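If you're wondering where the values come from, they're calculated on a predicted model, not measured in any experiment. These numbers come from the heavy atoms of this one structure, side chains and all, not from hydrogens, waters or symmetry mates.
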Amino acid sequence: MSIKNSWYDAEKTIILMQYTAPWTWDQYAESVRNVYAMADAQGVTADIIIYSLDRQMPQGNPLVLAKNLYRHPDEYDSLWVYVNSNPLVKTFVHIFEVLSPAHRDHSFFAESIEAAAQMIHERRMRKAANQ
């Protein structure tokens with residue numbers, strides 16, 4: 001598979017998904033299910049950094065797949081931060097957020113893995129301060 005999931009941090013609260021072509025939407029779906037399994041095994045709600053090494057995308061429409069793949073934010077309050085994304089990914093994410101408004105505040109884009117991790121850290125600090 002051309003998609004690799006690994007823990008980004010030592011505390012095992014952030015998962016790094018790394019993509020390199022070629023990959024398929026079916027492999028992507030398997031990878032997302034694996035992300036949830038990794039987090040469930042640790043007993044955490046993990047935030048996810050999605051890093052495209054080469055900005056390539058497979059053919060096909062991911063929206064049909066996405067609607068039934070992602071957990072609802074009410075049950076799984078995580079961030080999905082996309083790094084080095086193909087411009088079409090931004091379009092697909094925006095359309096998905098229109099179709100599933102509950103996910104709107106959970107998808108972001110960053111220029112680097114480090115910037116994505118910083119976004120996650122800042123959100124966690126705000127959530128902790130509000131509790």
Side-chain angles (χ1 to χ4, degrees):
M1 181 186 299
S2 299
I3 303 172
K4 178 184 172 193
N5 295 340
S6 60
W7 289 106
Y8 177 77
D9 59 338
E11 297 81 22
K12 294 188 176 181
T13 63
I14 301 174
I15 297 173
L16 176 62
M17 299 171 74
Q18 296 183 75
Y19 296 75
T20 187
W23 55 275
T24 67
W25 289 117
D26 288 337
Q27 288 173 322
Y28 175 81
E30 182 181 334
S31 179
V32 170
R33 285 189 287 273
N34 178 257
V35 161
Y36 289 128
M38 288 171 67
D40 289 347
Q42 291 297 316
V44 300
T45 298
D47 293 301
I48 299 89
I49 297 172
I50 304 99
Y51 178 50
S52 173
L53 297 169
D54 52 21
R55 301 181 79 188
Q56 299 298 309
M57 287 182 51
Q59 293 183 346
N61 183 349
L63 296 175
V64 174
L65 177 77
K67 187 143 177 81
N68 297 317
L69 187 61
Y70 295 102
R71 292 182 183 174
H72 194 279
D74 288 346
E75 70 176 71
Y76 199 85
D77 184 23
S78 64
L79 290 186
W80 292 70
V81 185
Y82 298 83
V83 177
N84 196 37
S85 296
N86 181 303
L88 284 175
V89 169
K90 292 181 181 180
T91 301
F92 284 131
V93 168
H94 175 70
I95 292 169
F96 178 67
E97 291 173 342
V98 169
L99 296 173
S100 182
H103 290 90
R104 188 169 290 137
D105 296 329
H106 297 272
S107 300
F108 296 91
F109 295 89
E111 296 297 320
S112 68
I113 293 173
E114 294 77 16
Q118 184 62 33
M119 275 183 183
I120 291 168
H121 174 73
E122 289 172 3
R123 178 180 187 253
R124 290 177 178 177
M125 297 299 287
R126 283 191 306 273
K127 283 179 67 174
N130 291 330
Q131 290 183 354

Report task. Side-chain contact test, heavy atoms from C-beta onward, threshold under 4.5 Å: evaluate it for Leu53 versus Tyr19 and give yes or no. Result -> no

Query raised in the report: Less than 4.5 Å apart, any side-chain heavy atom of Arg123 and any of Phe108?
Result: no

Where do [X] and [Y] come nearest, in terms of heavy atoms and distance?
X: Tyr82; Y: Ser107; value: CE1-CB, 4.3 Å
X: Gln27; Y: Pro22; value: OE1-O, 4.2 Å
X: Ala110; Y: Val81; value: CB-CG1, 3.8 Å
X: Ala116; Y: Val83; value: CB-CG2, 3.8 Å

**Report entry** Any donor-acceptor pair under 3.5 Å from Asp54 side chain to Ala21 backbone
**Finding:** yes

As an exercise, state the distance from [atom1] of [X] to [atom2] of [Y], rounded to the nearest 0.5 Å.
X: Asn5; Y: Ile3; atom1: CG; atom2: CD1; answer: 7.5 Å
X: Asn84; Y: Ser52; atom1: CG; atom2: OG; answer: 5.5 Å
X: Ser78; Y: Ile14; atom1: OG; atom2: CD1; answer: 11.5 Å
X: Asp47; Y: Trp80; atom1: CG; atom2: CH2; answer: 10.0 Å
X: Tyr8; Y: Thr13; atom1: OH; atom2: OG1; answer: 11.0 Å
X: Ser31; Y: Trp23; atom1: OG; atom2: CH2; answer: 9.5 Å

Linking I/L/V/M/F/W/Y whenever any side-chain heavy atoms sit under 4.5 Å apart, do [X] and [Y] land together?
X: Val35; Y: Ile50; value: yes
X: Trp7; Y: Ile113; value: no
X: Trp25; Y: Ile48; value: yes
X: Met17; Y: Ile49; value: no

Query raised in the report: Sequence neighbours excluded, which residues qualify as side chain to side chain donor-acceptor pair (under 3.5 Å) partners of Thr91?
Result: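 Partners of Thr91 by the side chain to side chain donor-acceptor pair (under 3.5 Å) criterion come out as none, since no residue qualifies.
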
Report task. Check the pair Glu11 / Val44 against side chain to side chain contact (heavy atoms under 4.5 Å, CB included), numbers first and verdict last. Result -> CA-CA 10 Å; Glu11 297 81 22; Val44 300; over 6 Å; no

Report task. Please test Glu30 against Asn34 for side chain to side chain contact (heavy atoms under 4.5 Å, CB included), starting from the C-alpha separation and ending with a verdict. Result -> CA-CA 6 Å; Glu30 182 181 334; Asn34 178 257; 5.7 Å; no

Query raised in the report: Looking only at side chains, do Glu122 and Gln118 share a donor and an acceptor under 3.5 Å apart?
Result: yes

